[in-house]
Amino acid sequence: MNISYRRRALSGFAVLALLPLAAAVRPARAQAPAPIQLFKLVSPKDEIIVGVEAAQLGTGSGPGVQRLAELLAAKGQLTLWQYASQKDAGGALIQAPLRQVAVFKSELLRIEPYTTPLAVKAPAAAK
């Protein structure tokens with residue numbers, strides 16, 4: 001009787017120890033897509049970082065790089081915001097729009113997704 005009581009007590013403590021862990025594991029919520037996606041455009045002369053608004057890319061099932069390439073192929077040229085690292089009013093580094101640039105499909109060699117640990121500022125907030 002004494003041994004079965006100990007087993008039940010230990011199993012009860014084990015369940016209590018796992019409760020905080022079970023509460024911490026939650027299903028991942030679907031995150032809203034970033035309002036600005038950054039891409040590196042590589043040409044024979046140079047490479048720049050540009051930001052494209054999610055609305056401009058459209059709602060396709062493919063990756064953003066593919067949608068941007070298809071958009072550029074269809075239109076022939078796009079006007080995009082060039083992005084660069086800058087300091088905000090508080091002194092923290094952010095990726096902010098620098099200037100608008102025209103991108104021609106005939107001048108590009110490669111489009112790559114660009115990730116940054118910095119916060120990305122929207123063009124409308126740059127003014």
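Numbering of residues begins at 1 and proceeds along the displayed sequence.
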Item checked: All side-chain hydrogen bond (donor to acceptor under 3.5 Å, both in side chains) counterparts of Gln82, not counting sequence neighbours -> Arg99

Note to self: The criterion is side-chain hydrogen bond (donor to acceptor under 3.5 Å, both in side chains); which residues satisfy it with Ser43, sequence neighbours excluded?
What the structure shows: Asp46

Checklist line | Least distance between heavy atoms, Tyr83 atom then Lys121 atom | finding: OH-O, 2.7 Å

Next item on the list: Report whether Ile49 and Leu118 are members of the same hydrophobic cluster (ILVMFWY, side-chain heavy atoms less than 4.5 Å apart, transitive linking).
Entry: no

Checklist line | Contacts of Gln66 that satisfy side-chain hydrogen bond (donor to acceptor under 3.5 Å, both in side chains) - sequence neighbours left out | finding: Glu70

Check: Are Leu80 and Gln100 close enough that some pair of their side-chain heavy atoms sits under 4.5 Å apart?
Finding: no

Next item on the list: Work out which heavy atom in Ala122 is nearest to a heavy atom in Pro97; give both atom names and the distance.
Entry: O-CG, 4.0 Å

Check: Has the side chain of Tyr114 got a donor or acceptor atom that lies under 3.5 Å from a matching backbone atom of Gly51?
Finding: no

Note to self: Testing the basics here: between Gln37 and Leu57, what is the closest heavy-atom pair and its distance to 0.1 Å?
What the structure shows: OE1-CD1, 3.3 Å

Item checked: Which residues share a side chain to side chain contact (heavy atoms under 4.5 Å, CB included) with Lys105, sequence neighbours left out -> Leu72

Under 3.5 Å, which donor-acceptor pairs do the side chains of residues 87-95 form with other protein atoms, sequence neighbours left out?
| from | atom 1 | to | atom 2 | distance (Å) |
| --- | --- | --- | --- | --- |
| Asp88 | OD1 | Gly90 | N | 3.1 |
| Asp88 | OD1 | Gly91 | N | 3.0 |
| Asp88 | OD1 | Ala92 | N | 2.8 |
| Gln95 | NE2 | Ser85 | OG | 3.4 |

Checklist line | Glu107: partners by salt bridge (charged side-chain N to carboxylate O under 4.0 Å, His left out), with sequence neighbours left out | finding: none

Notebook entry, point to check: Can you name the residues that form a side chain to side chain contact (heavy atoms under 4.5 Å, CB included) with Gln86, not counting sequence neighbours?
Noted result: Ala96, Leu98

Item checked: Non-hydrogen atoms of Pro123 and Ile36 that approach each other most closely -> CD-CD1, 3.5 Å

